[in-house]
Amino acid sequence: MLSPILRHLGATVNRTDRLHAIHEALRRAGPAGTTASRLADDLEVSMRTIKRDVSALQQAGAPIWAQPGPGGGYRLDGSATLPPVAFTPSQAVAAAVALATLPAGSPFGVDARAAADKLLDTLDEPARARAERMSERVWVLDQDPERPFDRSIVRAIERSLSERLAVTIGYTTERETTERTVEPIILAWSGRRWWLVGHCRLRDDIRWFRFDRITRAACTGTSYRPRPVADVGEPPAAARPVTR
């Protein structure tokens, strides 16, 4: 049973708060989940709005599953979330500042921003103000926020690494464009670029792939056994940061 308080949220809060309310409603509903019509009634919005909001949550990484058929709806995969963790105020500030410095276009950047927002929500006003002040004074200057990566590419690579699924990528170099199936090992920030490092099935060897040269990416659904990080070896010369 959803809280009666939610019945007033649809008309009184902005979309960000409504997304949070939907997520919390699904969390409280447990494994049985709840229907889109119930969410729409409780939040006093349309079914179309609920479906659009749930889609936005899913694209942001929320583990929400649709249950088709009569009586179907949505449920939150509890196994994909972590139990509550107790932070001291200083630890919460440090974590929020670190997360906030990762640009949204970077791998896991959207999740980092969402995690930072959740941490900030747990802080009292003085601690929150301190975290926001500190984040303004921690700059990451060698990334390029004006050229974000294609979100679908980033999401596919994030998923392939976290779920141990091979990923198929389109890859363009100065000489050729090829399609590769890659078993990711690590994501690396080197030479002022993001790289996907993994075993390339086309070349049957470890390869470093520049994110900005990946034109498309899709998980294959085929799992693989991750190779040891030690197999990565030394980065290619182009990936090594320039030192002065």
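Residues take their numbers from the sequence shown, with the count starting at 1.
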* Specify whether Trp195 and Trp208 have parallel, tilted or perpendicular ring planes, treating 30° as the upper limit for parallel and 60° as the lower limit for perpendicular. => perpendicular

* Residues Glu44 and Arg18 bridged, charged N to O under 4.0 Å -> no

* Criterion side chain to side chain contact (heavy atoms under 4.5 Å, CB included) on Asp41 and Arg38, from CA distance to verdict -> CA-CA 5 Å; Asp41 288 344; Arg38 171 69 66 82; 5.5 Å; no

* Return the minimal non-hydrogen interatomic distance between Leu196 and Pro184, and the atom names on each side. => CD1-CB, 3.8 Å

* Test item: Leu202 and Thr181 side chains (from C-beta on) under 4.5 Å apart, heavy atoms -> no

* Asked: Can you name the closest pair of heavy atoms from Met47 and Ala36 and give their distance?
  -> SD-C, 3.5 Å

* Decide whether Tyr74 and Leu19 are clustered together by the hydrophobic rule: side chain heavy atoms of Ile, Leu, Val, Met, Phe, Trp, Tyr closer than 4.5 Å, transitively. => yes

* **Gap between atom CD1 of Ile157 and atom CG of Leu165 - 0.5 Å precision** => 13.0 Å

* Asked: When clusters are formed by joining ILVMFWY residues with side-chain heavy atoms under 4.5 Å apart, either directly or through shared neighbours, do Phe209 and Tyr224 land in the same one?
  -> no

* Answer with yes or no whether the hydrophobic clustering places Val45 together with Leu57; edges join I, L, V, M, F, W, Y residues whose side-chain heavy atoms lie under 4.5 Å apart. => yes

* Take Arg213 and Glu174 through the test salt bridge (Lys or Arg N to Asp or Glu O under 4.0 Å) and record every step on the way to the result. => CA-CA 10 Å; Arg213 289 182 173 176; Glu174 294 87 349; 2.6 Å; yes

* Could you tell me which non-hydrogen atom of Val197 sits nearest to which non-hydrogen atom of Ala188, and how far apart they are? => CG2-CB, 4.3 Å

* Asked: Have Arg48 and Ser46 got a donor and an acceptor in their side chains that come within less than 3.5 Å?
  -> no

* Interatomic distance, Ile50 atom CD1 to Ile22 atom CD1 [nearest 0.5 angstrom] -> 4.0 Å

* To do: Can you measure from CG (Asp231) to NE2 (His199) and round to the nearest 0.5 angstrom?
  => 9.5 Å

* **Step-by-step salt bridge (Lys or Arg N to Asp or Glu O under 4.0 Å) determination, Asp205 to Arg207** => CA-CA 6 Å; Asp205 200 1; Arg207 288 289 187 270; 3.3 Å; yes

* Show your working on salt bridge (Lys or Arg N to Asp or Glu O under 4.0 Å) between Arg216 and Glu179 and close with a plain yes or no. => CA-CA 9 Å; Arg216 62 186 181 279; Glu179 182 169 291; 3.2 Å; yes

* Is any side-chain heavy atom of Leu76 less than 4.5 Å from a side-chain heavy atom of Pro63? -> yes

* Check the pair Thr178, Arg180 against side chain to side chain donor-acceptor pair (under 3.5 Å), reporting the backbone distance first and the verdict last. => CA-CA 6 Å; Thr178 56; Arg180 316 284 188 103; 2.7 Å; yes

* To do: Measure from the side-chain N and O atoms of Thr215 to the backbone N and O of Gly170, and report whether any donor-acceptor pair falls under 3.5 Å.
  => yes

* Answer whether the closest heavy-atom distance between the side chains of Thr173 and Glu176 falls below 4.5 Å. => yes

* Enter the distance from Leu187:CG to Phe211:CZ here, rounded to the nearest 0.5 Å. => 5.0 Å

* To do: Give the cluster check for Trp189 versus Ile153: same hydrophobic cluster or not, with ILVMFWY residues linked at side-chain heavy-atom distances below 4.5 Å.
  => yes

* Rounded distance [0.5 Å steps], CG in Leu161 versus SG in Cys219 -> 10.0 Å

* Asked: Just wondering, do Pro226 and Arg164 contact through their side chains at under 4.5 Å, heavy atoms?
  -> yes

* Structure fact -> Tightest non-hydrogen contact, residues Ser160 and Val167, listed as CB-CB, 3.7 Å

* Does some side-chain heavy atom of Arg193 sit less than 4.5 Å from a side-chain heavy atom of Asp212? -> yes

* **Separation of Trp194 CH2 from Ile214 CD1 (nearest 0.5 Å)** => 12.5 Å

* **Nearest heavy-atom neighbours spanning Pro228 and Ile185** => O-CG2, 4.1 Å

* Verify, without hydrogens or angle tests, whether Thr220 (side chain) and Ala166 (backbone) share a donor-acceptor contact under 3.5 angstrom. => yes

* Structure fact -> Between Ala25 and Leu39, the two heavy atoms sitting closest are CB-CD2, 3.9 Å

